[in-house]
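Read through the structure below, which is laid out as structure tokens, and then see the notes.
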Number of protein chains: 2
Amino acid sequence: MKVSLLEGSHRQTCTDCAVRGFAICAALDKTEVWELANLSRHVQCEPGTTVFAQATMATSFFSVLEGVLRLYKLLPDGRRQIIGFVLPGDFLGLAGSLQYEFSADAVGAVSLCQFSRASFSRFAENRPRFLRRINELAGRELIRAQEHMVLLGRRSAEEKVASFLIGWRDRLAEIGHAGEVLPLPMGRLDIADYLGLTIETVSRTFTKLERDGIIRILTGGISLLDAARAEALSAA
Amino acid sequence: MKVSLLEGSHRQTCTDCAVRGFAICAALDKTEVWELANLSRHVQCEPGTTVFAQATMATSFFSVLEGVLRLYKLLPDGRRQIIGFVLPGDFLGLAGSLQYEFSADAVGAVSLCQFSRASFSRFAENRPRFLRRINELAGRELIRAQEHMVLLGRRSAEEKVASFLIGWRDRLAEIGHAGEVLPLPMGRLDIADYLGLTIETVSRTFTKLERDGIIRILTGGISLLDAARAEALSAA
DNA sequence: AACAGTCTTTGACTTCGATCAAAAATGTGA
DNA sequence: TCACATTTTTGATCGAAGTCAAAGACTGTT
């Protein structure tokens, strides 16, 4: 397993950070942002690199600046479940356990704000506003996890794929990406491992959705031709 | 849907509360416990009653004193996914959203500590220790949810049932219940909806585990004859 | 003890998604 | 542009779990 973090060449100011408005630091005032910035390191990851691996010591927390990561757990025999995709503004480390509970790797190029566990915790310790912000993000994460359990346990392959597309569209919209052409930076195998399916079933289901006029398959993404029908499948 | 909360006859003191040591209030000192106690109401629920329903206003939070609850989400067509069973010491309301994200009903008789959302939030607001405690519980919840995603997405029926039994045993052990006879207060249908299976598959799998000498089926529970083999299935 | 109601188990059959295999498409570098 | 590797798609077949149906066990009640 290749694990590497390339050091960023320079620190950007937090004030003009692209995710300033919705990242974990949104709860902080100017002085606090400055203080927290001094505890952070800016790192870049190349596509495919593992940022941290399940069951290793959780020495760092991260806030995502750019790019997409996949979070996953492996069974001893190699079966993989992707438990989530992570987007700019998301925070890694909410569970707060001593070891990482899952692995994270960069899907495309990624840049991260890295914090040492100890200094981040010390910073948060006596700041109720910040602690409440952490709670807020953890709550959202928990809700997403619960939704995903319903998907994994009780939905058909077609519903799973439609839900994934709608959910992905909505998350991209939240961070400012509009338009009915959805980029899908992750491969079919990642989608399969996220939905609890095989790559063949995902591929067949994409093809079926295209035959039915619901999507158009593009290289590196899809076009949502009939959002209403996709949403119906996704809700059903 | 029958929704009812019977009012408790008298307030017990928090000091001799059975879950004092591991409930959310474990992070509080004597004065604070007393303050929080004054915001609480003690309620009892009969078996099968719904404590709160998905998509209704989340006006209360709860700490479980006695009994077991099932938390579940329903799809429009009635498919149900149980996202967790809740035991004494667990807290309901960690996600903090304005509406309940899932329904909760009592499996057996249940007694709860009820807090109004507003007064609980006000109490927590400026208490970093308490906020960190909430974070800690939310983190645990999140880890459990992630484990459950792996189970739902990537495990066979036999592995699911074995994992459920081992997980249930471990959670009961955490709250002081020892012994290799496991009470299972929930029915087969609840287990099925928790594991993403049908009741028939759960029943057949129990029978198979019994034929293989791993468990003994009792009324209202099982006896774990070969914990090692069950653990192997559960980990695999 | 007998009854009704519910829950659980078992049996027969079906189906959805998995598996195995190969072709097509896409990307990459000389 | 062409060869090669990787990813995606398609096809044929299989099997684990779902569905439908009925029998059996347990619960509480009169």
Side-chain angles (χ1 to χ4, degrees), chain A residues 2 46-48 70 75 77-82 107-109 151-165 183-212 215-222 233 236, chain B residues 2 46-48 70 75 77-82 107-109 151-165 183-212 215-222 233 236:
Chain A
K2 183 168 52 162
E46 294 185 335
R70 57 176 168 256
L75 292 178
D77 64 358
R79 280 174 289 176
R80 182 178 71 154
Q81 177 65 45
I82 291 184
V107 169
L151 177 143
L152 290 169
R154 287 294 178 230
R155 302 185 104 110
S156 70
E158 194 177 20
E159 290 168 349
K160 283 177 174 182
V161 171
S163 298
F164 164 69
L165 294 175
L184 296 175
M186 70 294 286
R188 294 288 187 269
L189 185 58
D190 286 341
I191 297 175
D193 284 348
Y194 180 61
L195 299 178
L197 299 170
T198 59
I199 184 173
E200 295 94 331
T201 299
V202 170
S203 179
R204 277 187 247 273
T205 308
F206 269 86
T207 304
K208 177 169 192 305
L209 292 176
E210 183 166 55
R211 264 202 322 269
D212 294 351
I215 65 170
R216 180 84 216 285
I217 300 174
L218 313 171
T219 50
I222 60 127
L233 277 172
Chain B
K2 182 168 55 162
E46 293 184 336
R70 57 175 169 257
L75 292 178
D77 64 359
R79 281 175 288 178
R80 181 179 72 153
Q81 177 65 45
I82 291 185
V107 170
L151 178 144
L152 291 169
R154 287 294 178 231
R155 301 183 104 108
S156 70
E158 195 177 19
E159 291 168 348
K160 283 176 174 182
V161 171
S163 298
F164 164 68
L165 294 175
L184 296 175
M186 70 293 287
R188 294 289 187 269
L189 185 57
D190 286 341
I191 298 175
D193 284 348
Y194 180 61
L195 299 177
L197 299 170
T198 59
I199 184 173
E200 293 95 332
T201 298
V202 169
S203 180
R204 279 187 245 273
T205 307
F206 268 87
T207 305
K208 176 170 192 305
L209 292 176
E210 182 166 56
R211 266 202 319 271
D212 295 350
I215 64 170
R216 182 82 217 285
I217 300 174
L218 312 171
T219 51
I222 60 126
L233 277 172

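In what follows, every chain begins at residue 1, and chains take the letters A, B, ... in the order their sequences are listed. These numbers come from a predicted model, not from an experiment.
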Spacing of [X] atom [atom1] relative to [N] atom [atom2], expressed in whole Å:
| X | N | atom1 | atom2 | value |
| --- | --- | --- | --- | --- |
| Phe206(B) | dC7(C) | CZ | C1' | 13 Å |
| Arg188(A) | dT26(C) | CZ | P | 11 Å |
| Arg154(A) | dG17(C) | CZ | P | 13 Å |
| Arg79(A) | dA16(D) | CZ | C1' | 13 Å |
| Leu184(B) | dC7(C) | CG | P | 16 Å |
| Ile199(B) | dT6(C) | CD1 | P | 14 Å |
| Ile191(B) | dT9(C) | CD1 | P | 9 Å |
| Leu195(A) | dG17(C) | CG | P | 12 Å |

Return no unless some side-chain N or O of [X] is found under 4.0 Å from OP1 or OP2 of [N].
| X | N | value |
| --- | --- | --- |
| Thr219(B) | dC26(D) | no |
| Thr207(A) | dT9(D) | no |
| Ser203(B) | dT8(C) | no |
| Thr198(A) | dA18(C) | yes |

Between [options], which nucleotide gets closest to the side-chain atoms of [X]?
| X | options | answer |
| --- | --- | --- |
| Arg204(B) | dA17(D), dG18(D), dT19(C) | dG18(D) |
| Glu200(B) | dT8(C), dG17(C), dA21(D) | dA21(D) |
| Ile217(A) | dA17(D), dT9(D), dA18(C) | dT9(D) |

If we ignore hydrogens and angles and just use 3.5 Å, is the side chain of [X] paired with the main-chain N or O of [Y] as donor and acceptor?
| X | Y | result |
| --- | --- | --- |
| Arg79(B) | Ala236(A) | yes |
| Arg154(B) | Gln81(A) | no |
| Ser203(A) | Ile199(A) | no |

Taking the side chain as every heavy atom from C-beta outward, state whether Met186(B) and Leu184(B) have any atom pair closer than 4.5 Å.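 Yes, their side chains come closer than 4.5 Å.
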
Considering every strand and a 4.0 Å limit on heavy-atom distances, what is the contact class for Gly196(B): base, sugar-phosphate, or nothing?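 Touches sugar-phosphate only.
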
How far does CZ of Phe164(A) sit from CD1 of Ile191(A), to the nearest 0.5 angstrom?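 One gets 4.0 Å once the value is rounded to the nearest 0.5 Å.
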
